[in-house]
Amino acid sequence: MSSRPRTTAQPSAATPTVRRAAPGRGMAVVASLLVIVGSFLPWVHTALGNVSGINGPGLWTAYAAFAGLAGAMMPWRRVGAVHLGVFAAVALVLPAWQVVHVLGLVGVGGWLPGTGLVLVACGGVLAATAALRSWRGL
(Lines give C-alpha, C1' and ligand atoms only; values in the text may rest on other atoms or scores of the structure.)
Protein backbone atom coordinates (compact mmCIF):
# COMPACT_ATOMS: atom_id res chain seq x y z
CA MET A 1 0.00 0.00 0.00
CA SER A 2 1.20 3.43 -0.82
CA SER A 3 1.14 6.28 1.61
CA ARG A 4 0.16 8.87 -0.97
CA PRO A 5 -3.21 10.52 -0.47
CA ARG A 6 -5.87 9.89 -3.09
CA THR A 7 -6.79 12.86 -5.23
CA THR A 8 -9.69 13.22 -7.55
CA ALA A 9 -9.29 14.89 -10.91
CA GLN A 10 -11.01 18.24 -10.48
CA PRO A 11 -10.80 20.87 -13.21
CA SER A 12 -8.99 23.92 -12.02
CA ALA A 13 -10.30 27.44 -12.39
CA ALA A 14 -7.79 28.07 -15.17
CA THR A 15 -9.15 25.19 -17.26
CA PRO A 16 -11.55 26.60 -19.86
CA THR A 17 -14.89 24.92 -20.19
CA VAL A 18 -15.76 23.84 -23.68
CA ARG A 19 -19.37 24.49 -24.61
CA ARG A 20 -20.94 22.37 -27.24
CA ALA A 21 -22.62 24.20 -30.11
CA ALA A 22 -26.40 24.34 -29.95
CA PRO A 23 -28.06 21.46 -31.79
CA GLY A 24 -29.05 22.27 -35.33
CA ARG A 25 -26.88 25.39 -35.49
CA GLY A 26 -24.80 24.25 -38.47
CA MET A 27 -27.90 23.00 -40.24
CA ALA A 28 -29.55 26.41 -39.70
CA VAL A 29 -26.58 28.24 -41.20
CA VAL A 30 -26.66 26.00 -44.28
CA ALA A 31 -30.44 26.53 -44.58
CA SER A 32 -30.01 30.29 -44.36
CA LEU A 33 -27.34 30.28 -47.05
CA LEU A 34 -29.50 28.12 -49.32
CA VAL A 35 -32.44 30.48 -48.94
CA ILE A 36 -30.35 33.63 -49.42
CA VAL A 37 -28.84 32.29 -52.65
CA GLY A 38 -32.15 30.85 -53.83
CA SER A 39 -33.96 34.14 -53.26
CA PHE A 40 -31.89 35.82 -55.96
CA LEU A 41 -32.06 33.03 -58.53
CA PRO A 42 -34.94 32.49 -61.00
CA TRP A 43 -38.08 31.05 -59.43
CA VAL A 44 -40.05 30.42 -62.62
CA HIS A 45 -38.77 29.49 -66.10
CA THR A 46 -41.04 30.37 -69.02
CA ALA A 47 -40.67 30.50 -72.78
CA LEU A 48 -40.56 34.28 -72.56
CA GLY A 49 -37.82 34.35 -69.94
CA ASN A 50 -37.11 33.77 -66.28
CA VAL A 51 -38.85 35.37 -63.32
CA SER A 52 -36.38 36.24 -60.59
CA GLY A 53 -37.40 35.51 -57.02
CA ILE A 54 -36.15 38.81 -55.67
CA ASN A 55 -38.80 40.65 -57.73
CA GLY A 56 -41.54 38.94 -55.73
CA PRO A 57 -41.66 36.74 -52.66
CA GLY A 58 -37.91 36.06 -52.80
CA LEU A 59 -37.36 39.41 -51.09
CA TRP A 60 -39.32 38.20 -48.08
CA THR A 61 -37.54 34.87 -47.99
CA ALA A 62 -34.20 36.68 -48.02
CA TYR A 63 -35.32 38.79 -45.04
CA ALA A 64 -36.44 35.67 -43.21
CA ALA A 65 -33.12 33.95 -43.99
CA PHE A 66 -31.23 36.71 -42.22
CA ALA A 67 -33.53 36.30 -39.22
CA GLY A 68 -32.82 32.57 -39.34
CA LEU A 69 -29.10 33.27 -39.45
CA ALA A 70 -29.49 35.42 -36.35
CA GLY A 71 -31.44 32.61 -34.69
CA ALA A 72 -28.60 30.21 -35.43
CA MET A 73 -26.13 32.49 -33.67
CA MET A 74 -28.19 33.12 -30.53
CA PRO A 75 -26.85 31.82 -27.24
CA TRP A 76 -30.38 31.00 -26.03
CA ARG A 77 -31.44 27.72 -27.58
CA ARG A 78 -35.23 28.12 -27.36
CA VAL A 79 -35.27 31.73 -28.61
CA GLY A 80 -33.11 30.68 -31.54
CA ALA A 81 -35.49 27.80 -32.22
CA VAL A 82 -38.42 30.23 -32.44
CA HIS A 83 -36.45 32.37 -34.91
CA LEU A 84 -35.72 29.28 -36.96
CA GLY A 85 -39.36 28.21 -36.82
CA VAL A 86 -40.54 31.54 -38.23
CA PHE A 87 -37.82 31.38 -40.88
CA ALA A 88 -38.86 27.84 -41.81
CA ALA A 89 -42.52 28.84 -42.08
CA VAL A 90 -41.71 31.70 -44.46
CA ALA A 91 -39.30 29.57 -46.51
CA LEU A 92 -41.92 26.84 -46.90
CA VAL A 93 -45.11 28.84 -47.36
CA LEU A 94 -43.93 31.40 -49.91
CA PRO A 95 -42.57 28.90 -52.48
CA ALA A 96 -45.74 26.82 -52.10
CA TRP A 97 -47.83 29.96 -52.59
CA GLN A 98 -45.79 30.86 -55.68
CA VAL A 99 -46.45 27.46 -57.25
CA VAL A 100 -50.18 27.65 -56.49
CA HIS A 101 -50.30 31.22 -57.83
CA VAL A 102 -48.61 30.30 -61.12
CA LEU A 103 -50.80 27.21 -61.45
CA GLY A 104 -53.85 29.44 -61.06
CA LEU A 105 -52.59 31.87 -63.70
CA VAL A 106 -51.40 29.58 -66.48
CA GLY A 107 -52.04 25.98 -65.42
CA VAL A 108 -49.44 23.27 -65.77
CA GLY A 109 -48.16 24.10 -69.25
CA GLY A 110 -45.59 26.64 -70.29
CA TRP A 111 -43.53 27.01 -67.14
CA LEU A 112 -41.12 25.14 -64.90
CA PRO A 113 -40.11 25.79 -61.31
CA GLY A 114 -36.76 27.50 -61.19
CA THR A 115 -33.62 26.69 -59.29
CA GLY A 116 -34.23 29.42 -56.74
CA LEU A 117 -37.68 28.11 -55.88
CA VAL A 118 -36.29 24.63 -55.26
CA LEU A 119 -33.37 25.94 -53.19
CA VAL A 120 -35.66 28.04 -51.00
CA ALA A 121 -38.04 25.12 -50.43
CA CYS A 122 -35.13 22.80 -49.54
CA GLY A 123 -33.73 25.46 -47.22
CA GLY A 124 -37.15 25.69 -45.57
CA VAL A 125 -37.22 21.95 -44.90
CA LEU A 126 -33.68 22.13 -43.51
CA ALA A 127 -34.61 25.12 -41.32
CA ALA A 128 -37.67 23.30 -39.95
CA THR A 129 -35.48 20.33 -39.06
CA ALA A 130 -32.94 22.62 -37.40
CA ALA A 131 -35.69 24.38 -35.43
CA LEU A 132 -37.03 21.07 -34.13
CA ARG A 133 -33.56 19.83 -33.21
CA SER A 134 -32.77 23.09 -31.47
CA TRP A 135 -36.07 23.14 -29.58
CA ARG A 136 -35.71 19.55 -28.38
CA GLY A 137 -31.99 19.87 -27.71
CA LEU A 138 -31.10 16.83 -29.83
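Throughout, residue positions are numbered sequentially from 1 according to the sequence presented. Predicted model only: the values in this text are computed from it and were never measured.
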Is there a side-chain contact between Val120 and Leu34 (heavy atoms, below 4.5 Å)?
no
Do Val86 and Leu69 land in one hydrophobic cluster if side-chain heavy atoms of ILVMFWY residues count as linked below 4.5 Å?
no
If you measure from CE on Met74 to CZ on Arg25, what distance do you get to the nearest 0.5 Å?
10.5 Å
Closest contact, heavy atoms only, Ala31 versus Gly123:
CB-O, 3.4 Å
Considering non-hydrogen atoms only, spot the tightest contact between Gly124 and Ala88 and give its length.
O-CB, 3.8 Å
Results of side-chain contact (heavy atoms from CB on, under 4.5 Å) for Ala131 - residues two or more places apart only:
Leu84
Grab the two heavy atoms, one from Ala130 and one from Ala28, that are nearest each other, plus how far apart they are.
CB-N, 3.8 Å
What one should report as the nearest heavy-atom pair of Arg136 and Arg77 is C-NH1, 3.7 Å
Please determine whether residues Tyr63 and Leu94 belong to a single hydrophobic cluster, defined as Ile, Leu, Val, Met, Phe, Trp and Tyr linked transitively by side-chain heavy-atom distances below 4.5 Å.
yes
With ring-ring contact (aromatic ring centres under 6.0 Å, His included) as the rule and sequence neighbours excluded, what pairs involving residues 66-99 come up?
Trp97-His101
Hydrophobic cluster membership, with links at side-chain heavy-atom distances under 4.5 Å among I/L/V/M/F/W/Y: are Val30 and Ile36 in one?
no
Establish whether Val37 and Val29 are linked, either directly or via other cluster members, by ILVMFWY side-chain heavy-atom contacts under 4.5 Å.
no
When you group the ILVMFWY residues by side-chain heavy-atom contacts below 4.5 Å and let the links chain together, are Leu117 and Val108 in the same group?
yes
Which pairs would a plain distance check flag for residues 38-51, meaning a side-chain donor or acceptor within less than 3.5 Å of a matching protein atom at least two apart in sequence or in another chain?
from, atom 1, to, atom 2, distance (Å)
Ser39, OG, Val35, O, 2.7
Ser39, OG, Gly58, O, 3.3
Ser39, OG, Thr61, OG1, 2.7
Ser39, OG, Ala62, N, 3.4
Trp43, NE1, Gly38, O, 3.0
His45, ND1, Asn50, OD1, 2.6
Thr46, OG1, Leu48, N, 3.3
Thr46, OG1, Gly49, N, 3.1
Thr46, OG1, Gly49, O, 2.5

Taking only residues two or more places apart in sequence or in another chain, which ones pass side-chain contact (heavy atoms from CB on, under 4.5 Å) with Val93?
none
Residue pairs passing the side-chain hydrogen bond (donor to acceptor under 3.5 Å, both in side chains) test with at least one member in residues 105-117, sequence neighbours excluded, are none
Tell me the side-chain hydrogen bond (donor to acceptor under 3.5 Å, both in side chains) pairs involving residues 27-37, sequence neighbours left out?
none
Arg78 to Trp135, cation-pi by 6.0 Å centre distance and 45° axis angle
yes
